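Since the model is a prediction, treat every value here as computed from it, not as a measurement. When a ligand or atom number is given, it counts from 1 through the structure's own listing order.
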Amino acid sequence: MTKPKIAVIIGSTRPTRFADKPAAWFMEIAGQRDDLDVELVDLRDYELPFFHEVASNAWVPSQDPKAVAWQQKIAEFDGYIFIVAEYNHSVTGALKNALDQAYVEWIHKPMGAVGYGGVGAARAIEHLRGIGVELQMVPVRNAVHIGGGDFFAVSPLGQNGEMSTISAHLEPSAKGLLDDIAWWANATKAARSA
Ligand SMILES: Cc1cc2nc3c(=O)[nH]c(=O)nc-3n(C[C@H](O)[C@H](O)[C@H](O)COP(=O)(O)O)c2cc1C
C-alpha cells in the first residue's frame with residue numbers, strides 16, 4: 001500500500017498570525033518521515049464562507065464552489081494534523097467552520113494536533129478531539145503542546161525567539177504524534193479499502 005497522505009492544516013487565518021512559525025517547525029520534522037507523505041494546507045487559501053449550506057454534506061451535497069473545493073482537498077488525505085491556536089479556550093472560529101464545511105471526507109481517518117498558547121492550547125485540543133469524534137474521526141493520544149515559557153520564548157507576545165531554542169524537548173512529542181497518526185492512518189486506510 002502507498003504511504004498515507006497527511007494534511008497539516010493551519011487553523012488560524014488572521015493576517016498577523018503566529019501559526020506559521022510552529023507550522024514551519026513541525027513541517028520540517030514531519031518532512032523527515034519516510035513513512036508519511038505530508039502536505040501543508042492553509043485555510044487562508046480556501047477562503048471559506050461561513051457555513052451557509054442547507055445541511056452538512058453528510059445529508060445534502062454542498063452548493064458553494066468554495067465548500068466543494070475544500071471538500072475535494074480534504075478527500076485527498078488519509079489523516080490530519082491541525083496547527084491549533086487557542087481562542088477563548090477553544091479552536092478558532094475559522095477552524096470550526098472549516099471542520100463543519102466537510103463531513104464525508106473526514107470519516108474513519110485519524111486526527112492530531114500541534115497547539116500553542118498559555119497552556120499549549122490544551123483546552124482547544126480537547127474541544128477539537130470532541131468535534132473529531134462527531135465527524136467519525138480517530139483522535140490520537142499524543143499531541144504537541146507549545147505552552148507556558150516555551151510559548152512566550154517564541155511568540156511575539158514574549159521574546160519572539162527562534163523555534164530552535166525550544167525544539168529539543170518538543171521533538172519527542174512531535175514523534176509520538178506522528179507515530180500515532182502513521183499507525184492509525186495505515187490501519188484506517190486498509191479498513192476503508194477492505
Ligand atoms: C480572540 C483571541 C482569544 C484568545 N484566547 C486565548 C486563550 O483562550 N488561551 C490562550 O492561551 N491564548 C489565547 N489567545 C492568545 C493566543 O494564544 C495568541 O494570540 C496566539 O498567537 C494566537 O494564534 P495565532 O496568532 O496563530 O492566531 C487569544 C487570542 C485571541 C486573538
Side-chain angles (χ1 to χ4, degrees), residues 6-31 38-52 66-67 70 73-74 77 79-102 106 110-135 137 139-178 181:
I6 306 300
V8 173
I9 300 178
I10 303 184
S12 167
T13 54
R14 67 190 188 93
T16 57
R17 70 184 181 194
F18 167 70
D20 296 292
K21 206 161 164 177
W25 168 80
F26 186 71
M27 282 302 289
E28 172 130 15
I29 292 171
V38 183
E39 179 179 329
L40 191 65
V41 174
D42 190 341
L43 290 188
R44 273 183 190 162
D45 296 337
Y46 294 87
E47 297 179 324
L48 287 165
F50 281 127
F51 188 93
H52 63 165
K66 288 186 168 159
W70 173 243
K73 186 66 191 170
I74 291 308
F77 298 99
Y80 309 91
I81 295 173
F82 298 97
I83 305 294
V84 177
E86 183 170 273
Y87 282 10
N88 296 312
H89 293 196
S90 191
V91 296
T92 64
L95 177 55
K96 179 61 166 61
N97 185 52
L99 287 155
D100 293 341
Q101 295 275 11
W106 300 119
M111 52 161 277
V114 175
Y116 52 87
V119 296
R123 296 163 295 216
I125 290 171
E126 284 305 297
H127 282 183
L128 181 62
R129 288 186 171 117
I131 296 163
V133 168
E134 180 55 18
L135 293 169
M137 301 171 89
V140 303
R141 174 184 182 266
N142 285 293
V144 179
H145 295 282
I146 305 169
D150 282 346
F151 176 62
F152 287 102
V154 295
S155 163
L157 299 173
Q159 291 101 283
N160 202 15
E162 298 297 324
M163 287 299 295
S164 57
T165 61
I166 61 165
S167 184
H169 56 275
L170 293 174
E171 282 166 28
S173 55
K175 180 181 182 317
L177 167 60
L178 288 160
I181 290 287

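A donor-acceptor pair under 3.5 Å links the side-chain atoms of Asn97 to the main chain of Pro49, judged by distance alone. Side-chain N or O atoms of Arg17 include one that pairs as donor or acceptor with a backbone N or O of Ser12 at under 3.5 Å.
Between Ala121 and Val84 the shortest heavy-atom distance is CB-O, 3.6 Å. Considering every non-hydrogen atom in both Val154 and Glu162, the closest pair reads CG1-O, 3.5 Å.
Electrostatic pairing of Arg123 and Glu126 does not count as a salt bridge here, judged by no charged N lying under 4.0 Å from a carboxylate O.
Taking CD from Glu28 and CE from Met163, the interatomic distance works out to 11.0 Å, rounded to the nearest 0.5 Å.
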Exercise answer, ligand 1 polar atom pairs (N/O) under 3.5 angstrom:
from: ligand 1; atom 1: 5 (N); to: Glu86; atom 2: O; distance (Å): 3.3
from: ligand 1; atom 1: 5 (N); to: Asn88; atom 2: N; distance (Å): 2.8
from: ligand 1; atom 1: 8 (O); to: Asn88; atom 2: N; distance (Å): 3.1
from: ligand 1; atom 1: 8 (O); to: His89; atom 2: N; distance (Å): 2.9
from: ligand 1; atom 1: 9 (N); to: Glu86; atom 2: OE2; distance (Å): 2.8
from: ligand 1; atom 1: 11 (O); to: Gly118; atom 2: N; distance (Å): 2.8
from: ligand 1; atom 1: 14 (N); to: Glu86; atom 2: O; distance (Å): 3.4
from: ligand 1; atom 1: 25 (O); to: Arg14; atom 2: NE; distance (Å): 3.2
from: ligand 1; atom 1: 25 (O); to: Arg14; atom 2: NH2; distance (Å): 2.6
from: ligand 1; atom 1: 25 (O); to: Phe18; atom 2: N; distance (Å): 2.7
from: ligand 1; atom 1: 26 (O); to: Ser12; atom 2: OG; distance (Å): 3.4
from: ligand 1; atom 1: 26 (O); to: Phe18; atom 2: N; distance (Å): 3.2
from: ligand 1; atom 1: 26 (O); to: Ala19; atom 2: N; distance (Å): 3.0
from: ligand 1; atom 1: 26 (O); to: Tyr116; atom 2: OH; distance (Å): 2.5
from: ligand 1; atom 1: 27 (O); to: Ser12; atom 2: OG; distance (Å): 2.7
from: ligand 1; atom 1: 27 (O); to: Arg14; atom 2: NE; distance (Å): 2.8
from: ligand 1; atom 1: 27 (O); to: Tyr87; atom 2: OH; distance (Å): 2.7

